[in-house]
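Whatever order the structure lists ligands and atoms in, that order sets their numbers, starting from 1.
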Amino acid sequence: MSPSSTKPPFRKGAFGKGAFMKGDRWPGLIEAYREHLPVSDATPVITLLEGNTPLIEAPRIAARAGVARVLLKVEGSNPTGSFKDRGMKLAVSKAAEADAKAVICASTGNTSASAAAYAARAGIICAVVIPAGQIALGKLAQALIHGARVVPVTDTFDVALDVVREIGEQPGVVVVNSVNPVRIEGQKTAAFEIVETLGDAPTVHCIPVGNAGNITAYWRGYREFADAGRAKRRPRMLGWQAAGAAPIVRGERVLHPETIATAIQIGNPASWQQALDARDESDGHIGAVTDGEILDAYRLLAAVEGVFVEPASAASVAGLLRAATEGLVASDDVVVCTLTGHGLKDPERAIDQVEVGEPIAAVASDVAAAIGL
Ligand SMILES: Cc1ncc(COP(=O)(O)O)c(C=O)c1O
């Protein structure tokens, strides 16, 4: 999970003032995009050198979807293994600037892991409220090992977020969920990187939707770069919810959301209206994919493109394949799919998907026969 990529998007002049040149060490998001972010010289830069994630060509998935190109924005390559680091870096830096004593979040897992890591770096208390039993093991381990004060509650993410918002009214406590506008500002930088790498925006962008902060952030990033003349076009935003947790698609709150993609198991998205705006302003679509489609895409990504993601991330590719069958994409489309989190976040799901053989004696001929060689 290194923050470096083989083909960095940064190059001479890429950051407006031309301060960073190809070959320079990646400076992290605030230094790379300072002029586009709500920071000043008074803002301490709390960084793990997040961002600058790979944009990987996926020719086999492109062939299946019948589009010109598919590129995977691999956000699992961020320091804590998910896209949350982009917004969290900014949220914790701003909390440190405000002399906060604690940051607090409700989480389906990745937000807590990211908040815990950045808070540890800033020397601030991190409190996390999670829906009990609904957090992938890797994420829970991360939050705990970074020293977060984790409180499981016997209710949904949506109720946990209500509780967090109430506690966040105390002085010195900053909510770092995506309802904190600074989070969206940090996350929009992924769209900047895509435009810089491709030389323009893609024609279509597929993204999983849970609390809907990320689709809001990408759309803002694409809009800002188009308005600044850095991109000639804006993509159609195709957002994908899990069928058992699809309030935006159904047009009503889901009281008991259910999906194997726990990261998007959300029944009342905080950025619901902004997701609709992204859809409508971009002539896009928000649809639902079943857990079966998500798991098919999850295995496909690992098996044919070599990219291991957590189930929620695969919703973007599942969505693209569904969009292809529904005639929502065309043969000349250039599609970016955001892969939001690393596969190792949810090791139990991966093990559940495969067969682990019984042990045999360590004899070369027997082992070779077992391998089929
Ligand atoms: C791996 C992963 N994918 C997708 C999402 C959904 O992002 P958002 O809640 O911003 O819609 C999340 C949110 O927790 C996530 O952790």
**OP:** Look at the aromatic rings of F225 and Y33 and report parallel, tilted or perpendicular, splitting at 30° and 60°.
**Re:** perpendicular

Subject >> Closest protein heavy atom (residue, atom, distance) for atom 7 (O) of ligand 1 >> reply: F83 CZ, 3.5 Å

Original post:
Does a side chain donor of either T262 or Q134 reach within less than 3.5 Å of an acceptor in the other side chain?
Top reply: no

Original post:
Between Y222 and H205, do the side chains contain an N or O donor and an N or O acceptor separated by less than 3.5 Å?
Top reply: yes

Original post:
Does S313 reach ligand 1 with a nitrogen or oxygen that is under 3.5 Å from one of the ligand's nitrogen or oxygen atoms?
Top reply: no

Original post:
Who's the nearest protein heavy-atom neighbour of atom 14 (O) of ligand 1, and how far?
Top reply: K84 NZ, 2.8 Å

Subject >> Min heavy-atom dist A212 to ligand 1 below 4.0 Å >> reply: yes

Original post:
Which protein non-hydrogen atom lies closest to atom 15 (C) of ligand 1, naming both residue and atom, and how far is it?
Top reply: A263 CB, 3.4 Å

**OP:** Verify the distance criterion only: is there a donor paired with an acceptor across the side chains of N214 and Q187 at less than 3.5 Å?
**Re:** yes

**OP:** Report the nearest protein non-hydrogen atom to atom 10 (O) of ligand 1: residue, atom name, distance rounded to 0.1 Å.
**Re:** N214 N, 2.8 Å

Original post:
What is the closest protein heavy atom to atom 9 (O) of ligand 1, and at what distance does it sit?
Top reply: N211 N, 2.7 Å

**OP:** Determine, step by step, whether Q265 and T259 satisfy the side chain to side chain donor-acceptor pair (under 3.5 Å) criterion, reporting the C-alpha distance in whole Å, the side-chain angles of both residues, the deciding distance to 0.1 Å, and the verdict.
**Re:** CA-CA 6 Å; Q265 189 168 316; T259 168; 5.8 Å; no

Subject >> Which of the ligand 1 atoms, numbered from 1, are nearer than 4.0 Å to a heavy atom of G213 >> reply: 8 (P), 10 (O), 11 (O)

**OP:** For atom 2 (C) of ligand 1, grab the closest protein heavy atom and report residue, atom and distance to one decimal in Å.
**Re:** T340 OG1, 3.3 Å

**OP:** Give the residue and atom name of whichever protein heavy atom lies nearest to atom 16 (O) of ligand 1, and the separation in Å to one decimal.
**Re:** N110 ND2, 2.7 Å

